[in-house]
Amino acid sequence: MIKLVRVDHRLIHGQVAFTWTKFLSVDCILVASDELLKDDLRMAGLKMAKPSNVKLVMKSIEDSAKALNSGVTDKYNLLILCESVEDVYRLAKKVPTITDINLGGTKSGDDRKNISKAVHVSQEDVKMIKELSEEGRSTFVQLVPDDDATDVMKLI
């Protein structure tokens with residue numbers, strides 16, 4: 001069961017590893033990222049950062065979609081992490097059961113607009129978010145569970 005789909009460029013860190021996993025009673029984290037699989041050092045770091053009682057699976061976007069659609073992940077209370085709006089967009093397009101997306105942290109940059117404390121979006125991100133919204137998918141900003149969720153459409 002998908003408990004949360006979150007975009008966070010840092011992937012697994014304190015907020016995710018402890019606050020979100022505990023709040024959601026997560027027993028498995030799926031990191032869906034093509035780029036991560038090319039970086040053995042980052043993958044090793046994520047393995048060390050995950051809570052000891054939580055399974056960690058790292059797959060490409062395509063393989064993540066296949067696993068989610070096949071039902072093999074249904075036995076887990078699952079937190080799905082993506083590094084970028086583009087990654088979550090690609091995953092959501094392949095997995096119809098992804099209906100809610102949490103923006104928890106995206107990189108800043110000259111071509112990016114700050115819309116919330118830790119969320120920066122490009123024009124391309126905005127297009128993808130709007131398209132997902134038009135499909136009926138909710139995208140919201142919520143850094144930690146105690147924060148109120150804010151609809152991204154009100155921020156862009």
Side-chain angles (χ1 to χ4, degrees), residues 2-26 28-51 54 56-62 64-65 68 77-156:
I2 298 173
K3 300 295 255 176
L4 183 69
V5 178
R6 180 177 171 94
V7 175
D8 196 318
H9 71 278
R10 298 175 293 171
L11 295 173
I12 300 175
H13 56 89
Q15 284 176 346
V16 170
F18 301 103
T19 309
W20 280 108
T21 56
K22 185 176 178 182
F23 176 76
L24 299 167
S25 299
V26 167
C28 184
I29 297 172
L30 169 62
V31 177
S33 170
D34 295 341
E35 287 303 310
L36 176 66
L37 296 181
K38 299 174 189 173
D39 191 335
D40 291 336
L41 184 60
R42 282 184 68 211
M43 288 194 307
L46 292 180
K47 288 175 186 173
M48 290 188 285
K50 76 160 189 72
V54 175
L56 174 64
V57 178
M58 295 175 273
K59 292 183 172 287
S60 68
I61 302 291
E62 185 65 35
S64 295
L68 291 163
N77 288 328
L78 191 62
L79 169 61
I80 301 171
L81 298 174
C82 294
E83 287 185 273
S84 67
V85 171
E86 179 184 358
D87 282 356
V88 82
Y89 172 86
R90 289 177 49 222
L91 184 64
K93 288 301 223 175
K94 296 174 184 293
V95 182
T97 56
I98 294 176
T99 56
D100 300 298
I101 300 164
N102 168 238
L103 295 186
T106 56
K107 291 182 181 181
S108 63
D110 292 339
D111 65 333
R112 298 179 160 274
K113 172 183 162 185
N114 178 264
I115 61 167
S116 183
K117 184 177 178 183
V119 179
H120 305 80
V121 293
S122 68
Q123 290 289 66
E124 192 59 34
D125 291 342
V126 170
K127 287 180 192 172
M128 289 183 275
I129 291 166
K130 285 181 178 178
E131 185 176 329
L132 291 172
S133 177
E134 289 167 4
E135 293 173 0
R137 301 175 202 244
S138 166
T139 305
F140 60 95
V141 172
Q142 185 176 16
L143 299 183
V144 294
D146 290 340
D147 290 347
D148 290 330
T150 304
D151 183 349
V152 173
M153 295 306 291
K154 294 179 180 175
L155 302 173
I156 56 175

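The analysis underlying the following values was restricted to heavy atoms, covering all of them including side chains, and did not include hydrogens, waters or symmetry mates.
Side-chain atoms of D151 do not come within 3.5 Å of backbone N or O of S138 as any donor-acceptor pair. Of the possible donor and acceptor atoms, none in the side chain of D87 sits under 3.5 Å from a partner among the backbone N and O of S33. T106 contributes a side-chain N or O that, together with a main-chain N or O of H120, makes up a donor-acceptor pair within less than 3.5 Å. Put simply, the side chain of R6 never gets that close to the backbone of W20: no donor and acceptor are under 3.5 Å apart. When atom types are taken as modelled, the side chain of Q142 and the backbone of P145 share a donor-acceptor pair closer than 3.5 angstrom.
Surrounding NZ of K93 are more than 12 heavy atoms belonging to other residues, nucleotides or ligands, all under 6.0 Å away.
For the pair V152/V119, no side-chain contact is recorded, criterion being any heavy-atom separation below 4.5 Å from C-beta on. Between L91 and C82 the shortest side-chain heavy-atom distance falls below 4.5 Å. Between L78 and L68 the shortest side-chain heavy-atom distance falls below 4.5 Å.
The structure places CD1 of I61 at 9.0 Å from CG of L37, a figure rounded to the nearest 0.5 Å. To the nearest 0.5 Å, atoms NZ (K113) and CG (L155) are separated by 8.5 Å. How far CG of D8 is from NE2 of H13: 3.5 Å, rounded to the nearest 0.5 Å. Rounding to the nearest 0.5 Å gives a distance of 12.5 Å between CZ of R10 and CG of L46. Going from atom CD1 of I101 over to atom OG1 of T139 covers 4.5 Å, rounded to the nearest 0.5 Å. In this structure, the separation between NZ on K94 and OH on Y89 is 11.0 Å, given to the nearest 0.5 Å.
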_Full working for side chain to side chain contact (heavy atoms under 4.5 Å, CB included) between D147 and V144_ = CA-CA 6 Å; D147 290 347; V144 294; 3.6 Å; yes

*Passes side chain to side chain contact (heavy atoms under 4.5 Å, CB included), K130 versus M153? Steps please.*
CA-CA 7 Å; K130 285 181 178 178; M153 295 306 291; 3.8 Å; yes

*Start with the C-alpha gap between I80 and V95, add the side-chain angles, then the distance that decides, and say whether side chain to side chain contact (heavy atoms under 4.5 Å, CB included) holds.*
CA-CA 12 Å; I80 301 171; V95 182; over 6 Å; no

*E124 vs D111, side chain to side chain contact (heavy atoms under 4.5 Å, CB included): CA-CA, chis, key distance, verdict*: CA-CA 10 Å; E124 192 59 34; D111 65 333; over 6 Å; no

*Stepwise, does the salt bridge (Lys or Arg N to Asp or Glu O under 4.0 Å) test hold for E83 with K107?*
CA-CA 9 Å; E83 287 185 273; K107 291 182 181 181; 5.8 Å; no

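When each of N77, I12, V26 is tested with T21 by the rule side-chain contact (heavy atoms from CB on, under 4.5 Å), just one qualifies, namely V26. When V57, L79, L56 are each tested for a side-chain contact (heavy atoms from CB on, under 4.5 Å) with C28, only one passes: V57.
Among all heavy-atom pairs drawn from V126 and I156, the shortest one is CG1-CD1, 3.9 Å. A pairwise comparison of heavy atoms in S122 and R112 identifies N-NH1, 3.6 Å as the closest pair. Heavy atoms only, all atoms of each residue included: G104 and L143 are closest at O-CD2, 2.9 Å.
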